[in-house]
Amino acid sequence: MDELAAQRIAKAEALRARGTDPYPPRVARSHTADAVNQIVEAWPPDRTEGADLEVDVTGRVVGRRDQGKATFLDLRDGSGRIQVLFRQNSLADYDSLKLIDFGDFIGVHGSPIRTRTGQPTVAGTAWTMLTKALHAPPEKYHGLADAEIRQRRRYLDLMANEETRRVFTVRSKVVAAIRRFLDDRGFLEVETPVLQEAAGGAAARPFVTHFNALGEDRFLRISLELHLKRLVVGGFDKVYEMGRIFRNEGLGAKYNPEFTMIETYEAYADYNDVAAMVEEMVSGVAENVLGTTTFAFRGHEISLARPWRRVTFHDALREYGALDLDAFPDVATLGAELRRRKVDFAPTAGYGKLCDEAMSAYVEPNLIQPTFLMDYPIEISPLAKSKPGNPRLVERWEIFMGGFEAGNAYTELNDPVEQRVRFEEQLALKAAGDDEAELMDEDFLFALEHGMPPTGGFGMGIDRLLMILTGQPTIREVILFPQHKTVKE
RNA sequence: GGGCCUGUAGCUCAGUUGGAAGAGCAGUGGACUUUUAAUCCAUUGGUCCAGGGUUCGAGUCCCUGCGGGCCUACCA
């Protein structure tokens with residue numbers, strides 16, 4: 001069996017035999033680890049004792065140095081680390097320290113001191129077990145490196161790796177800063193359904209589930225868009241939602257089937273207004289949370305400082321792919337050219353999809369610094385307003401950074417008649433074999449028919465932004481519990 | 001789906017031509033009253049992923065399966 005766990009259970013029983021609960025319901029705590037450290041650091045350099053002050057500190061035992069008749073322990077709580085020192089002549093029942101293992105939570109009563117090496121320390125006069133752990137934390141020096149265990153058992157990763165604690169702390173602060181930015185600009189945060197009768201608003205396959213009470217299938221949302229625009233119709237001029245969406249696709253460095261998306265919709269704005277807002281939001285959040293707009297990512301140095309480059313879809317293809325779409329204006333000619341260039345694409349791909357494949361091949365990997373790629377082909381943008389003077393393009397941009405797409409925005413299509421035509425074109429693509437084409441959404445059309453004001457909309461993958469902001473090369477390192485295959489018994 | 005890699009103690013990892021399964025950390029016992037990857041002495045701990053095969057002999061070679069990672073493809 002697990003001999004090490006059995007030893008720890010025996011120690012818990014030994015504590016009970018002494019009349020103390022190894023899992024007490026309440027604890028004495030007067031100071032965090034960080035608070036004690038700060039108190040001692042504030043002392044004059046020659047002061048070593050603070051006997052007038054008594055503190056109760058708590059935390060997990062993460063270090064232990066037995067010194068005979070003195071024992072040093074390192075405790076870690078949410079604020080940081082604090083060293084405690086027990087000496088045989090100032091702790092009754094000194095032998096009881098043998099009941100403390102790595103990973104246990106204990107409380108220590110004592111006075112702050114400074115050791116001869118200058119280390120802030122609590123000189124303990126009493127200790128209590130707060131939680132007996134049955135397993136040791138990961139090995140203290142080499143830590144926990146196995147990516148699978150780090151992700152499946154993130155609690156071990158968090159115990160072992162400071163960088164992991166940092167990444168997810170940053171994530172939390174970034175999410176809060178984004179909310180603060182939008183709230184301060186008068187946006188209203190809303191919540192829309194995750195379970196939907198039809199999953200729309202993006203080109204992606206959905207997950208399907210079943211609603212027992214109604215005997216109907218439901219789809220997990222693949223975007224937030226269509227419901228948020230209904231709210232603009234209803235009169236909420238500025239709305240946003242930050243939430244989980246689900247796309248039934250593979251796993252990869254940039255892909256997790258559930259990820260966090262933020263979408264904003266602002267009435268009386270267009271895609272240029274939205275671009276200005278997004279620049280300000282992302283660079284401002286970076287500055288506020290991390291104190292910089294420069295980040296190391298996959299060997300590059302990425303600057304999120306404003307302004308970001310703007311280049312049109314067509315110009316970018318000319319620049320990075322030496323491909324002039326004007327010379328290949330239809331499926332036949334562009335398809336032939338891409339075949340000649342050995343760019344893969346599905347046989348069912350329409351013209352817009354071919355353009356997108358060319359962009360993915362030539363442009364996307366080169367867009368390391370944040371770049372707005374402007375004015376997309378209309379076929380792959382069924383919810384965006386067409387560009388005045390060019391019926392083949394729409395007012396849409398995607399934001400790229402680090403060589404991948406991180407966000408998407410358009411001047412929203414609000415002509416209900418044209419929107420119906422666009423849906424019908426999508427249905428034709430679907431019939432031709434494109435299983436990611438947009439579905440007709442009659443209720444959404446009915447909403448548009450009541451009038452949606454001119455609106456600028458925006459969506460961004462929070463996880464991908466976090467990859468840049470934390471310097472993590474894969475999306476799995478910025479998601480606490482990324483998807484994995486089920487472990488088979 | 002394709003390619004490459006990988007599975008050895010609780011953790012991190014070695015293991016040579018195929019010849020008695022190892023180290024550090026953790027654990028246990030001991031020394032040490034200012035250490036901080038403490039140090040020192042001793043010591044417990046193994047279904048070498050699983051199943052087959054080759055062989056006098058397999059952690060090592062072969063086959064199959066299972067698990068996992070990375071790259072790639074589809075996809076944001």
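Letters A, B, ... mirror the listed sequences (proteins, then strands); counts begin at 1. Hydrogens, waters and symmetry mates are skipped; everything else that's a heavy atom, side chains included, is used. Here the structure is a predicted model, which means the values were calculated and not measured.
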For B:C48, give its Watson-Crick or G-U wobble partner with both distances under 3.5 Å, or none. none
Atom CZ of A:Arg8 and atom C1' of B:A26 are separated, to the nearest Å, by 8 Å
Within the structure, does a side-chain N or O atom of A:Arg114 lie under 4.0 Å from either OP1 or OP2 of B:U34? no
Any strand: nucleotide that pairs with B:A20 via Watson-Crick or wobble, under 3.5 Å: none
Distance-only donor-acceptor test (3.5 Å): side chain A:Thr115, base B:U35: yes
Is a donor from one side chain sitting under 3.5 angstrom from an acceptor on the other, for A:Glu412 and A:Tyr410? no
Examine the base of B:U34 for any acceptor or donor lying under 3.5 Å from a partner atom in the side chain of A:Arg65, and report the outcome as yes or no. no
Could a donor-acceptor pair under 3.5 angstrom be found where the side chain of A:Gln119 meets the base of B:U36? yes
Could you tell me the separation between the CZ atom of A:Phe72 and the C1' atom of B:U33, rounded to a whole number of Å? 8 Å
For A:Lys254 and A:Thr474, take the nucleotide of RNA chain B holding the closest heavy atom to each; which residue's nucleotide lies nearer the 5' end? A:Thr474
Counting distance alone, no hydrogens or angles: does the base of B:U35 have a donor or acceptor under 3.5 Å from a partner atom on the side chain of A:Gln83? yes
Atom C1', compared across B:U35 and B:U43: separation rounded to whole Å: 25 Å
A:Arg150 CZ - B:U12 C1' separation (whole Å): 14 Å
